[in-house]
Amino acid sequence: METKVLIVGAGPSGLATSACLTRHSIPHLIIEREDCYASLWKKRTYDRLGLHLAKEFCFLPHKPLPPDAPTFMPKDFFLKYVDDYVSQFNINPLYHRTVESASLVEAGKKWRIEAKNKLEGNVEVYHAEFLVVASGENNEGYIPDIKGLSSFPGEILHSNHYKSGSRYKSKDVLVIGCGNSGMEIAYDLKDHGARTSIVIRSPFHVLTKELVHRGMSLLNYLPVYMVDALITMLARLKYGDLTKYGIYRPPRGPFAHKNVTGRSPVIDVGTIGKIQNGEIEVVSEILNIEKNNVKFKNGTEKNFDAIVLATGYKSAANKWLKDYKYALNGDGMPKNRMPNHWKGEKGLYCAGLSRRGLFGVSMDAEAIANDINKVITSQK
């Protein structure tokens, strides 16, 4: 099958790129391995999830949010917005297509993409002048190598399969990972009556949604170091000294830390309060696991009924993108630094891999569509 542009992935990145290409009247196809668009949001998010960033940073290109959008949108509200987006731009992905390989052919002038149609069981071949990797940063759950994890007899699940803490009432549950997902899942577990512990290894910033909103707004007018100084001071006033609970701040401020490492501050939903009053226990790095017993590096040990791995995700694009060097590094992330991270060579692009959420998705999609349009126009 021939197409001008092939987009891999029907998450927000793929949908936004499709809408921008449509605005330029550029023919394209989207192929998606799941049975729906925005599958991460629709199928692999926990029930209480909401958008942590304010609405002015959470819309897709060429469609403003409705006037009644709350400042911080719940999942269902955002999904309704995505449904309307797909309808407005008449986006029709081809579902159940798992990409098996993508490589340059015809002396580097076209991409050959092989995708398995999981419904029919056959392999489909697509040829495209331009290929957009929009399969996402959160394409595949990351499972760390923890000694003895395979011996644990209780339930082990990655955070992308976690829905609600209601199943874990009166059970001892260990959450591994202290990013936004881990901290929010720990809160949800405790809220549903689980005896909850969380492993905290790395330093991180803790902010409220309102402080993040204020900081991002101020960055339009002030340099990062000034915004960081103000927001860090306000966070200290809000939370006090968290080192006594095993929580340490990085040396850089929250926004500088995000720019350098890609790691966002933890946006507190109430977890810190539960840690401070002893409802959630902070534990140290794991030494090893022996059946239900988990031993920690500080010498303590405890039995658990379940383990939730909130250990993040990774891009899996390098597994199928044979000539990834034209846009991605060995970890499946953009090889070029911002602001040119989205652009590769030989007609290869990547959307939504900048670790800047929906705000970054929108910028990538518009930049990619504009660049493809420029190339096509120059060929006429």
State yes or no: are the ring centers of Tyr81 and Phe77 separated by less than 6.0 Å?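 No - the distance between ring centres of Tyr81 and Phe77 does not fall below the 6.0 Å cut-off.
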
Answer yes or no: does atom CG of Asp68 have more than 12 heavy-atom neighbours from other residues, nucleotides or ligands under 6.0 Å?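 Result for CG/Asp68: enclosed.
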
Give a yes or no on whether Arg252 atom CZ has more than 12 heavy-atom contacts from other residues, nucleotides or ligands under 6.0 Å away. no

With Asp172 via side-chain hydrogen bond (donor to acceptor under 3.5 Å, both in side chains) - residues at least two apart: Arg195

Identify, with sequence neighbours excluded, every residue that meets side-chain hydrogen bond (donor to acceptor under 3.5 Å, both in side chains) alongside Tyr37. Asp83

Distance col, row Ile91:CD1 vs Ser18:OG, nearest 0.5 angstrom, shows 4.0 Å

For residues Thr261 and Arg263, is any side-chain donor paired with an opposing acceptor at under 3.5 Å?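 Thr261 vs Arg263: no donor-acceptor pair found between side chains.
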
State, without any angle test, whether Asn92 and Asn90 hold a side-chain donor-acceptor pair at a distance under 3.5 Å.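 On atom types as modelled, these side chains qualify, holding a pair under 3.5 Å.
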
Can we say [X] and [Y] salt-bridge, meaning some charged N sits less than 4.0 Å from an Asp/Glu carboxylate O?
X	Y	answer
Lys63	Asp84	no
Glu100	Lys116	no
Glu34	Lys42	no
Lys43	Asp35	yes

Taking the six-membered ring of Phe72 (Phe, Tyr or Trp), confirm whether the NZ or CZ of Lys55 is under 6.0 Å from its centre and within 45° of its axis. no

In the hydrophobic clustering that connects Ile, Leu, Val, Met, Phe, Trp and Tyr at side-chain heavy-atom distances below 4.5 Å, which members other than Ile156 occupy its cluster, ordered by chain and number?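 Cluster partners of Ile156: Ile143, Ile146, Leu149, Phe152, Leu174, Ile176, Val199, Val283, Ile286, Ile289, Val294, Phe296, Phe304, Ile307, Leu309.
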
Lys118: side-chain contact (heavy atoms from CB on, under 4.5 Å) partners, not counting sequence neighbours: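 So Lys118 forms a side-chain contact (heavy atoms from CB on, under 4.5 Å) with Arg33, His96, Thr98.
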
Who pairs with Lys258 by side-chain contact (heavy atoms from CB on, under 4.5 Å), at least two apart in sequence or on another chain? Ser264, Arg355

For residues 324-332, please give each side-chain donor-acceptor pair under 3.5 Å, one per line with the distance, not counting sequence neighbours.
unit_1 : atom_1 : unit_2 : atom_2 : d
Asn329 : OD1    : Asp331 : N      : 2.8
Asn329 : OD1    : Gly332 : N      : 3.3
Asn329 : OD1    : Met333 : N      : 3.1

